[in-house]
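Read through the structure below, which is laid out as structure tokens, and then see the notes.
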Protein chains: 2
Amino acid sequence: MPEHESPIVTVDIVLLTLEDEQLKVTLMERTKEPFAGRLALPGGYVHTNTDQNGDDAARRIMTTKLGFAPSHMEQLETISGPTRDPRGWSVSIVYVALISREALASHSAIPLHLYPVAALPELAFDHNKIVRRAVERLRSKGTYSTLPCHLLPARFSIPQMHHVFELVLGVPLNRTSFTRKVSEMGILELAGKEPAAGRGRTAAQYRLKEEVSFFHRPLGDGM
Amino acid sequence: MPEHESPIVTVDIVLLTLEDEQLKVTLMERTKEPFAGRLALPGGYVHTNTDQNGDDAARRIMTTKLGFAPSHMEQLETISGPTRDPRGWSVSIVYVALISREALASHSAIPLHLYPVAALPELAFDHNKIVRRAVERLRSKGTYSTLPCHLLPARFSIPQMHHVFELVLGVPLNRTSFTRKVSEMGILELAGKEPAAGRGRTAAQYRLKEEVSFFHRPLGDGM
DNA sequence: CCAATAGTGTCTGTTAGACAGTATTGA
DNA sequence: TCAATACTGTCTAACAGACACTATTGG
């Protein structure tokens, strides 16, 4: 009865991490047409014979292509249209995944290629636009949630967290206010001590409380 | 090459409005299997021969099933899985649309059925869950954006806006602070005067400035 | 002891909440 | 003139920003 073909359905993953004080995204060189030889987001078809849902497909693709499942992953948006993929009318369910550079290095069996999101070459499909939107979302959520914490290792100090928020939001954040707010808000729990850092006093280590991942008021915006 | 069938791809629309001091959702009785006779969100297949993208499909479905395109519509999320639709592995791109009760009454050619979101019967597919998520999103965005304004007519007063935000967020909001913040924030522009209301002083009428639809800081949360 | 970084106390300016006052409308 | 609603001024409490001071570490 439907007078139309079924669309192609794929999942694409924007895996972000911090390296050299920059947000970077994981890209892979395409080995097949279309866009063979071009850099692209890791992605693949939804497998209706095995995947239980989109999240499941995203995890499978991460594991297959990157060698691990990320600590944090959430759906960004779904992009679709007749011309974005030369193979036909396509639907791409896009996920944003965040991971610390350390976890990425230790978990991944496959050597990954990271590119600064601020200076990307021309990517396959509409992947430049997708990366831009993912970064916008991260920045936007960074003003009222703990999302950027997933760019840090599981255990981290408040100064590290402060630094990551400044990098992600791209504005300086008042150190005193940040520390006070984060401490009083009860979103962190102590996780041992003594990381034996370099110079100066060693910072207390914390871990995100599982239940809480959102602030009541923004952290960014001139703080 | 893909060892899997293509999924079914549909669009579902959560059209919300305010009536009798309550958030209500537009539902339609299904005429066909599966779930014939059950209430469901308006929705339909993506038409790959005509639709230019998901938004376009959503607009087409709105126009066909409800008789008009909504003033505000945004993508909520995409839900998928092998069992949510008995016809097979399905992908549903969900949109949230907001409209004022007045605009709904005047624009819609088709008589619509509104149901309070707080007390829904058992709906077809996973539509109860979808409505719940749409309402969560509206509430959440209501704390830091002007999204709930789209439940008002294009021209509205600050007291009306205050009332809508209280209804959506479910908490009392300080009247003085709300008025002051909204006024000083420069998100509204005067739109004539004299609506000739009932009792008491008549309120000034405003319209949302097009460019700005987000606040820098939340409106809700104990304001 | 010194430099460097972490954490805290306190002052100040800004902003939200409370509340009372003024303004404008219909009855 | 009165009741009802819209708006505004002002006081106060809470909180963010600035900054200095203490604490802890390595050299």
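Naming convention: chains lettered A, B, ... in sequence-line order (proteins, then strands); numbering from 1 in each chain.
- At distances below 3.5 Å, at least one donor-acceptor pair connects side-chain atoms of Ser100(A) with backbone N or O atoms of Ala103(A).
- For the residue pair Asp12(A)/Ser92(A), the side-chain donor-acceptor check at 3.5 Å is satisfied.
- The C1' atoms of five pairs define one axis at each end of the helix from dC1(C)-dG27(D) to dA27(C)-dT1(D), and these two axes lie 0° apart (to 10°).
- Going from atom CD of Glu184(A) over to atom P of dA14(D) covers 13 Å, rounded to whole Å.
- Residues Ile93(A) and Gln75(A) meet the side-chain proximity criterion, which asks for heavy atoms closer than 4.5 Å.
- Under the 4.5 Å side-chain criterion, counting only non-hydrogen atoms from C-beta, Leu152(B) is in contact with Met161(B).
- Inter-residue side-chain proximity for Thr10(B) and Ser90(B) is flagged as unmet; no heavy-atom pair is nearer than 4.5 Å.
- Remark: the Glu74(A) side chain and the His72(A) side chain contain an N/O donor-acceptor pair separated by less than 3.5 Å.
- Rounded to an integer number of Å, the gap from Asn174(A) CG to dG7(C) P is 15 Å.
- Rounding to whole angstrom units, CG of residue Leu173(B) and C1' of dT15(C) are separated by 16 Å.
- As a whole-Å value, the separation of His163(A) NE2 from dT5(C) P is 12 Å.
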Distance-only donor-acceptor hits, side chain of residues 113-126 of chain B, under 3.5 Å, sequence neighbours excluded:
unit_1	atom_1	unit_2	atom_2	d
Asp126(B)	OD1	Arg84(B)	NH2	3.0
Asp126(B)	OD2	Arg84(B)	NE	2.8

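- Between dC15(D) and Lys181(A), no contact under 4.0 Å exists linking OP1 or OP2 to a side-chain N or O.
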Base contacts versus sugar-phosphate-only contacts with protein, heavy atoms under 4.0 Å: please encode nucleotides 3-13 of chain D as B, S and - from 5' to 3'. -BBBBBBB---
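- Closest approach of Gly37(A) and Glu29(A) over heavy atoms only: O-CG, 3.4 Å.
- Atom-to-atom, CE of Met161(A) to P of dA6(C) comes out at 15 Å; the value is rounded to the nearest Å.
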